[in-house]
Every structure is written in C-alpha cells, then in structure tokens.
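Read the structure below first, then the notes.
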Amino acid sequence: MLSTKVKASAITHLTDARYFAAWETEWLGFMLSPGSEASVELQLVAALREWVDGVKICGEFSLASLPEIEAAIDVLGLETIQLGMLTPLENLQALRGKVEIIQEIVVEAYLTAEELSEMMEERKEAVDYFLLQFNKGGLTWPDIQEDTPFGVEQLAQWAKQYPLLIDLPLEGTTPTQFLDQIPVKGFSVVGAEEEKVGVKSFDELDEFFEDLEVQI
C-alpha cells in the first residue's frame with residue numbers, strides 16, 4: 001500500500017491501467033473530452049475497467065457540457081470526475097453529491113496567490129479535491145522554493161486549508177521529503193505511450209512509488 005493517495009491521469013492503454021492498479025493508486029483517470037490529445041473512447045474505458053480492481057475510475061473533462069458529463073457518469077458508472085478550471089461553479093454544484101469531484105487548477109507563473117486563493121475559497125464547498133497542476137504550467141518544485149509564482153509557506157498553508165492533490169515535478173526531492181514540508185492529500189502522475197503494445201519502461205515511476213510504499 002501507499003502512504004498517500006495517488007491519481008494516475010490521462011491513461012490511454014491497458015499497460016498503464018494495470019501498472020497503476022497494481023500499485024494500488026486511488027484513481028485511474030481517463031480523458032473523456034473530445035479533441036484532447038489523450039482523449040479515449042467510452043468503450044475503451046468500459047473495457048479497461050474489467051481488467052482492474054480496487055481503484056476508482058475517474059472521468060477527466062477539460063471542456064464538456066453538464067449533459068455530456070452526466071451521460072458519461074451514467075454510461076460508465078463513474079465514481080469520480082475531474083473537471084477543468086473553466087467549469088462553471090453551477091455545474092460543480094449540480095454534480096455535487098452524485099460523484100466525487102476533483103477540480104483541476106492549472107498553476108502558471110502569471111497567476112497570483114490571491115487569485116488562486118479566491119478560486120479555491122469560492123469552490124471549496126462544491127468539490128472534494130483541488131488538483132493543483134503545476135506540470136502543465138511549466139513549473140517545478142525548485143520554482144516554488146524560489147517563490148515563483150509563490151513560495152513554500154503559501155503552498156503549505158493551502159495544503160492545511162484545502163484538500164489538495166498535486167502534479168509537480170519534484171526534481172531532486174523525493175515524494176516523502178515533499179510531504180514532510182507540504183501536507184497535501186496526494187499526488188497526480190501521468191502515464192505515457194507504450195514503446196510497442198504491452199511494452200513500456202516504468203523505471204522513473206517505480207522510484208516514485210517505491211518511495212511512497214508502506215512496508216507491512
């Protein structure tokens with residue numbers, strides 16, 4: 001088992017799904033918004049979930065209407081959904097209580113701490129987790145340590161205030177070392193393309209999971 005929650009995001013094939021399920025991640029995420037580079041068909045998600053047990057299936061939507069999201073929830077029996085940062089608050093409120101909701105917030109250098117605080121404060125009652133997505137914004141843990149766009153103390157404060165998941169390249173810091181400073185609820189990691197069907201290297205992810213593994 002792992003010492004914290006992990007969400008595997010943007011899964012596109014069985015190799016990743018089985019790998020992340022074997023590590024007992026909390027969620028397997030599949031991008032369901034058409035037009036996205038990592039988007040998959042509903043039929044593929046339905047097929048892949050037959051191969052894994054003990055994990056929540058999360059539908060990821062960058063841009064989608066409320067009826068489209070509700071239809072995917074019904075067809076796939078989704079336990080969790082992840083919604084893009086431009087999702088209207090009223091859509092979050094309409095879905096609240098039907099499924100577990102993760103609100104993605106892409107953190108970029110031009111965003112201020114005040115803007116992020118306002119966004120989370122406004123939406124905290126409508127979601128179960130905020131996913132702070134630094135990776136898409138091109139930011140790393142060393143950037144935060146250098147106060148870009150905000151510092152370690154601010155991130156630690158948010159982690160105590162809000163239920164945070166985080167996608168942040170740690171670059172030289174282990175996950176457990178990071179958790180000692182920033183008490184987030186968990187991490188988000190991303191799969192990648194196979195070298196060929198059924199073949200892929202997981203060396204970097206193995207190090208990440210081995211660091212979080214709890215020996216029983």
Got [X] and [Y] here, is their nearest side-chain heavy-atom distance under 4.5 Å?
X: Glu60; Y: Met31; result: yes
X: Phe20; Y: Val55; result: no
X: Leu116; Y: Trp158; result: yes
X: Phe61; Y: Thr87; result: no
X: Glu70; Y: Lys98; result: yes
X: Gln157; Y: Gln154; result: yes
X: Leu78; Y: Leu32; result: yes
X: Val184; Y: Phe178; result: yes

For [Y], is there any backbone N or O sitting under 3.5 Å from a side-chain donor or acceptor partner on [X]?
X: Ser9; Y: Ser188; answer: no
X: Ser62; Y: Gly84; answer: no
X: Asp128; Y: Ile101; answer: yes

Worksheet item: Would a line drawn from the ring center of Trp23 to the ring center of Phe208 be shorter than 6.0 Å?
Response: no

Approximate separation, where rounding is to 0.5 Å, of [X] [atom1] and [Y] [atom2]:
X: Phe187; Y: Leu179; atom1: CZ; atom2: CG; answer: 4.0 Å
X: Gln93; Y: Leu66; atom1: CD; atom2: CG; answer: 11.5 Å
X: Gln103; Y: Leu83; atom1: CD; atom2: CG; answer: 6.5 Å
X: Glu213; Y: Leu2; atom1: CD; atom2: CG; answer: 7.5 Å
X: Tyr19; Y: Leu205; atom1: OH; atom2: CG; answer: 4.5 Å
X: Trp141; Y: Leu170; atom1: CH2; atom2: CG; answer: 8.0 Å

Indicate the atoms forming the closest heavy-atom contact of [X] with [Y], along with that distance.
X: Leu92; Y: Arg123; result: CD1-NH1, 3.2 Å
X: Glu104; Y: Met85; result: O-CB, 3.1 Å
X: Asp211; Y: Thr176; result: OD2-N, 2.8 Å
X: Gln133; Y: Lys136; result: OE1-N, 3.1 Å
X: Ala156; Y: Gln181; result: CB-O, 3.9 Å
X: Ala17; Y: Leu28; result: O-CD1, 3.9 Å

Discussion item. Tell me which pairs pass side chain to side chain donor-acceptor pair (under 3.5 Å) where either residue lies in residues 73-82, with sequence neighbours left out.
Written reply: Lys7-Gln82, Trp27-Thr80, Arg49-Glu79, Thr80-Glu100

Worksheet item: CD of Glu153: more than 12 outside heavy atoms within 6.0 angstrom?
Response: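 It does not: Glu153 CD has 12 such atoms or fewer within range.
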
Fill in: Heavy-atom neighbours of Lys185 NZ exceed 12 at 6.0 Å
no

Worksheet, complete the sentence: Paired with Pro149, the side-chain contact (heavy atoms from CB on, under 4.5 Å) test is passed by just one of Thr112, Leu139, Asp143, namely Leu139

Practice prompt. Apply side chain to side chain contact (heavy atoms under 4.5 Å, CB included) to the pair Lys5 and Tyr129, showing each step before the final yes or no.
Written response: CA-CA 11 Å; Lys5 297 179 186 295; Tyr129 298 94; 3.2 Å; yes

Worksheet entry | CA sep, side-chain torsions, deciding dist, call: Leu132, Leu168, side chain to side chain contact (heavy atoms under 4.5 Å, CB included) | CA-CA 8 Å; Leu132 296 188; Leu168 175 66; over 6 Å; no

